[in-house]
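Everything below concerns the one structure shown next.
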Amino acid sequence: YLDTPMAVGSKVQGVLDWETRFSRMCHHTAEHIVCSIAHRWHGMNNVGFHLGSEDVTLDLDGELTREQIDAIEDEANRVVFTNVAVVATIPTAEALAQTTYRSKKELDGPVRLVTIEGVDCCACCAPHVARTGEVGLIKLLDFIRYKGGVRIHLLCGDAAREDYRRRYQQSA
């Protein structure tokens, strides 16, 4: 944040907080994995996603039981352990017209597709990891009914491990 506007043409140097960026890339890729399974198994759509400071929430447009959420978590972790590629492409309009992909809205013009090999294809412009194994453990922590659907709280990778460690130490 600056006290005054910068002059046009000024040069700046940015520094990337790689730890935070990588964590967000992992969590966003985990969201793709979880939502693709909910879509494939239960016909549900992702209608919301938030990268919070404590955890990640994702909103689906239908309700799930704890047993269904546990099954989705199990399958999501199988996807992680297979370590398949996560690839972003911008197909031609002709190729896009022949492609089945998830999207929250109708899109015009070039569309960036993120494909998780054998798992999902989704319109998305955010950064993702290169392979599912980088996501680490996916833990679906809790869920609530939300706007006629379900809101799921999740953690993955180092954040999931740290959460487990904290919970274990509290119960010991």
Side-chain angles (χ1 to χ4, degrees), residues 16-88 100-105 112-172:
L16 181 68
D17 177 347
W18 178 249
E19 186 175 318
T20 299
R21 172 72 173 244
F22 185 71
S23 175
R24 290 181 178 163
M25 290 166 56
C26 290
H27 280 90
H28 187 67
T29 305
E31 177 261 339
H32 276 260
I33 294 167
V34 170
C35 289
S36 71
I37 297 164
H39 181 75
R40 203 169 48 243
W41 287 4
H42 304 289
M44 293 182 182
N45 296 300
N46 172 350
V47 294
F49 173 66
H50 178 72
L51 284 164
S53 59
E54 299 296 317
D55 66 5
V56 169
T57 60
L58 61 96
D59 301 334
L60 300 172
D61 62 357
E63 292 190 25
L64 294 167
T65 65
R66 179 80 248 179
E67 292 76 20
Q68 290 170 316
I69 288 175
D70 288 346
I72 290 170
E73 178 184 279
D74 290 344
E75 180 64 16
N77 281 292
R78 277 191 279 282
V79 169
V80 167
F81 299 141
T82 60
N83 197 31
V84 296
V86 180
V87 179
T100 301
Y101 62 95
R102 294 185 306 112
S103 180
K104 290 182 187 174
K105 60 184 179 179
R112 183 174 183 262
L113 296 179
V114 174
T115 302
I116 300 175
E117 186 180 306
V119 176
D120 189 36
C121 184
C122 183
C124 187
C125 58
H128 304 80
V129 296
R131 301 191 71 81
T132 59
E134 294 177 79
V135 169
L137 172 72
I138 295 175
K139 182 62 187 157
L140 305 183
L141 300 168
D142 201 4
F143 68 101
I144 59 170
R145 287 183 173 159
Y146 185 74
K147 294 185 178 179
V150 65
R151 171 168 281 177
I152 300 172
H153 293 260
L154 76 87
L155 288 174
C156 71
D158 288 345
R161 181 181 42 77
E162 288 298 322
D163 181 69
Y164 180 79
R165 179 176 291 150
R166 186 175 52 255
R167 290 172 192 258
Y168 181 78
Q169 290 171 345
Q170 288 174 353
S171 68

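Remember, predicted model here, so these are calculated numbers, not experimental data.
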Heavy-atom closest pair, residues [X] and [Y]:
X: Q68; Y: H42; answer: NE2-CE1, 3.4 Å
X: M44; Y: G62; answer: CE-C, 3.5 Å
X: H28; Y: P127; answer: CD2-O, 4.0 Å
X: A38; Y: L60; answer: CB-CD1, 3.7 Å

Of the options R131, E117, H32, H128, which is the one that meets V86 in a side chain to side chain contact (heavy atoms under 4.5 Å, CB included)?
->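 For V86, the side chain to side chain contact (heavy atoms under 4.5 Å, CB included) test succeeds with only one of R131, E117, H32, H128, which is H128.
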
Of I33, T29, V34, which is the lone residue that meets side chain to side chain contact (heavy atoms under 4.5 Å, CB included) with V79?
->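 By the side chain to side chain contact (heavy atoms under 4.5 Å, CB included) criterion, V79 pairs with just one of I33, T29, V34: I33.
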
Just verifying a value: how many Å separate [X] [atom1] and [Y] [atom2], rounded to the nearest 0.5 Å?
X: I138; Y: E31; atom1: CD1; atom2: CD; value: 10.5 Å
X: D142; Y: I69; atom1: CG; atom2: CD1; value: 8.5 Å
X: M25; Y: C156; atom1: CE; atom2: SG; value: 11.5 Å

Sidechain N-carboxylate O distance under 4.0 Å for D17, R21 =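 Judged by the 4.0 Å cut-off on N to carboxylate O distance, D17 and R21 do not form a salt bridge.
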
Taking the side chain from [X] and the backbone from [Y], do they hold a donor-acceptor pair closer than 3.5 Å?
X: H153; Y: T57; result: no
X: D163; Y: A159; result: no
X: N83; Y: G133; result: yes
X: R151; Y: D59; result: no
X: R40; Y: V119; result: yes
X: H27; Y: S23; result: yes
X: D61; Y: N45; result: yes

Partners passing side chain to side chain donor-acceptor pair (under 3.5 Å) against R24 (at least two apart in sequence or in another chain) |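 With neighbours one apart ignored, the set is empty.
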
Partners passing side chain to side chain donor-acceptor pair (under 3.5 Å) against R78 (at least two apart in sequence or in another chain) =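 Side chain to side chain donor-acceptor pair (under 3.5 Å) check on R78 returns E75.
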
Side-chain contact, heavy-atom cut-off 4.5 Å: F22 with V129?
->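 Of all side-chain heavy-atom pairs linking V129 with F22, at least one is under 4.5 Å.
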
